Amino acid sequence: MNIVIKNGHIVDPSQKIDGIGDMVIEDGKIKEIISHKSKVKSQQKNPPTPPFTKGGSGGIKDLELRTINAEGRVVIPGLIDMHAHLREPGFEYKETIKTGTAAAVRGGFTTVCCMPNTYPVNDNASVTEFIIRKAAREGLCTVYPIGAITKGQKGEELAEMGAMRNEGCIAFSDDGYPVMNSLMMRRAFEYSKSFGVPIISHCEDLTLSEGGVMNEGLLSVTLGLKGIPSEAEKIIVYRDIMLAELTGGKLHVAHVSTEGSVELIRDAKKRGTPVTAETCPHYFSLTEDAVRDYDTNAKVNPPLRTKRDIDAVKEGLQDGTIDVIATDHAPHHRDEKLKEFDLAPSGISGLDTALSLSIRLVEEGVLTMSQLIEKMALNPSRILGLPLYGLKGMLRPGADADIIIIDMKKEVRIEASKFVSKGKNTPFDGWMLKGIPVVTISRGRIYEWQ
Ligand code: DOR
């Protein structure tokens, strides 16, 4: 099916497009963008024939054409989540590739990168192959697996990075755990450098964080819960910056939650260190106060921090220190989250809510819409080298037709029970937000909501 999206406010930072126009999609690819202001803004060099419009001549069967009126709506590239837990294989009771990608599409994501802490761990090519095959069969959007750095994520022996890379892993991470052994991490940087892919580091000094379940401070003492000091994150951020400098390997810091980490990354970038970083909506939306009533839905690792950390994270997003907003989508079963705070697993189900929560940054004036798209689509694509796989995160002619249409004015009430994800574990239940995708086009397939 060919598609024309008419009269939308098209924003694409990759081409510096920000204005009203139409978009033509042919054979699952973007064909052209026609700006209403200055005639044709962006067109494929050799546009394929026959023309997409109805009424083709003599004997040539007309292609089916769908017109979408996007007047009053914003048309942007499909979002790329470079940090999600799809839980399959092994934890299908929490999420599957099918349900996770369905939640992604509902939330405006057309590409999801899945972390390797499955069972078995994605630490070898056969698990990678399984994920890729399953995603091709059942996924509603593109899925790229992230391979483990060490076997079983145990931090003792390097995983088969080369074989996983050949099979389709686009980065390596032991997410959920840090690689505590610095020599092991050094070797990981050296190998990943030869494949040209980033190491995504879960920065947590386990010797400092052990037993901790929330941010360390007055509140943790008051609640009688063991705290995790922000230094547990900062120490490993610093070590990994040092290792990236030593090896020249690409470091991507996962889920930045503290002021100290933002400062270290900012300084490292100034020195030219090959480092990029992400944060997640909960780290700029909630403080540690969210766990005051022992709400396990607000238990996450790294933990929610303080107002000061939130301000630093926002500043980092604004000045470019933090390149990416990822979800860290971590669905868990209700029964697990019903355990007492100390025993409940960490994680927030994020795919259904990430965009609406992030749009608040635009309303607050922290980011422009174009910058938000950079953080949620263009920068992940660049960091992961996705242009090599078909253009992603941008609306350039020839790119995959991964597009979302957002109603920025529509008020939405977050209702966990209605999440598409199996994971209903969110601390945002009942929040009123503005802005939600009304159409997601994933590789040319249209999904629509009222
Ligand atoms: O809160 C978290 N949950 N942080 C992680 O690093 C892992 C994740 C999970 O897999 O549940």
Side-chain angles (χ1 to χ4, degrees), residues 79 81 83-87 91 93-96 99-109 112 213-215 219 223 225 255 257 279-307 310 313 325-364 376 406-438 440 449-450:
L79 308 178
D81 187 7
H83 189 147
H85 299 270
L86 293 181
R87 305 296 192 209
F91 302 106
Y93 69 96
K94 294 179 196 250
E95 193 80 286
T96 63
T99 59
T101 54
V105 163
R106 181 64 193 101
F109 292 89
V112 174
V213 291
M214 67 169 291
N215 184 48
L219 187 62
L223 295 178
L225 295 173
H255 41 52
S257 73
T279 191
C280 316
H282 37 275
Y283 298 120
F284 55 74
S285 306
L286 287 174
T287 65
E288 58 179 356
D289 217 48
V291 306
R292 186 178 286 280
D293 294 330
Y294 301 91
D295 180 6
T296 57
N297 287 319
K299 182 178 176 185
V300 65
N301 187 24
L304 300 173
R305 307 280 187 185
T306 64
K307 168 82 170 53
I310 289 190
V313 165
I325 298 171
T327 64
D328 196 0
H329 177 70
H332 289 292
H333 194 276
R334 187 169 167 270
D335 293 350
E336 298 170 310
K337 280 289 195 181
L338 278 173
K339 290 182 183 170
E340 46 272 59
F341 199 89
D342 277 329
L343 301 179
S346 297
I348 291 174
S349 182
L351 282 167
D352 281 82
T353 55
L355 177 59
S356 304
L357 287 166
S358 302
I359 284 175
R360 290 173 83 220
L361 296 174
V362 178
E363 287 171 356
E364 287 172 22
M376 299 188 83
I406 308 174
D407 185 339
M408 295 288 281
K409 295 189 193 96
K410 192 171 173 141
E411 290 237 345
V412 274
R413 184 188 162 84
I414 294 183
E415 284 180 81
S417 62
K418 295 199 178 142
F419 278 8
V420 176
S421 166
K422 281 192 189 184
K424 316 296 181 198
N425 47 307
T426 178
F428 299 108
D429 198 24
W431 279 40
M432 291 300 298
L433 299 172
K434 249 193 223 158
I436 190 167
V438 286
T440 297
W449 302 273
Q450 293 299 321

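Keep in mind it's a predicted model, so treat the numbers as computed, not measured. Residue numbers count from 1 along this sequence. All heavy atoms count here, side chains included; hydrogens, waters and symmetry mates do not.
- Listed by chain and residue number, Glu233, Tyr283, Pro302, Arg305 satisfy the side-chain contact (heavy atoms from CB on, under 4.5 Å) test with Ser257 (two or more places apart in sequence, or in another chain).
- Using a 30° and 60° split on the angle between ring planes, Phe341 and Tyr294 fall in the perpendicular class, above 60°.
- Listed by first and then second residue, the side-chain hydrogen bond (donor to acceptor under 3.5 Å, both in side chains) pairs involving residues 335-348 are Tyr93-Glu336, Lys94-Glu336 (not counting sequence neighbours).
- Residue pairs satisfying the salt bridge (Lys or Arg N to Asp or Glu O under 4.0 Å) criterion with at least one member in residues 284-301, sequence neighbours excluded, are listed as follows: Asp289-Arg292.
- Residues passing the side-chain contact (heavy atoms from CB on, under 4.5 Å) test with Val438, sequence neighbours excluded: Arg73, Ile405, Asp407.
- For the side chain to side chain donor-acceptor pair (under 3.5 Å) criterion with Glu95, the lone passing option out of Arg87, His85, His329 is His329.
- A 4.5 Å side-chain heavy-atom check between Asp352 and Thr426 finds every atom pair outside the cut-off.
- In this structure a side-chain-to-backbone donor-acceptor pair under 3.5 Å is present from Asn425 to Gly347.
- With sequence neighbours excluded, the residues forming a side-chain contact (heavy atoms from CB on, under 4.5 Å) with Ile348 are His282, Val300, Pro427, listed by chain and number.
- When side chains are defined from C-beta on, Leu355 counts as touching Ile359, because their heavy atoms get closer than 4.5 Å.
- In plain terms, the two heavy atoms of Ile325 and Pro281 that are nearest each other are CG2-CD, 3.9 Å.
- In this structure, Phe109 and Thr440 have side chains that are not in contact, with every pair of non-hydrogen atoms separated by 4.5 Å or more.
- The salt bridge (Lys or Arg N to Asp or Glu O under 4.0 Å) contacts involving residues 418-432 comprise Glu415-Lys418, where partners must be two or more places apart or lie in separate chains.
- The CG atom of Leu86 sits 8.5 Å away from the CG atom of Asp81 when rounded to the nearest 0.5 Å.
- No donor-acceptor pair closer than 3.5 Å links the side chain of Thr327 to the backbone N or O of Ala84.
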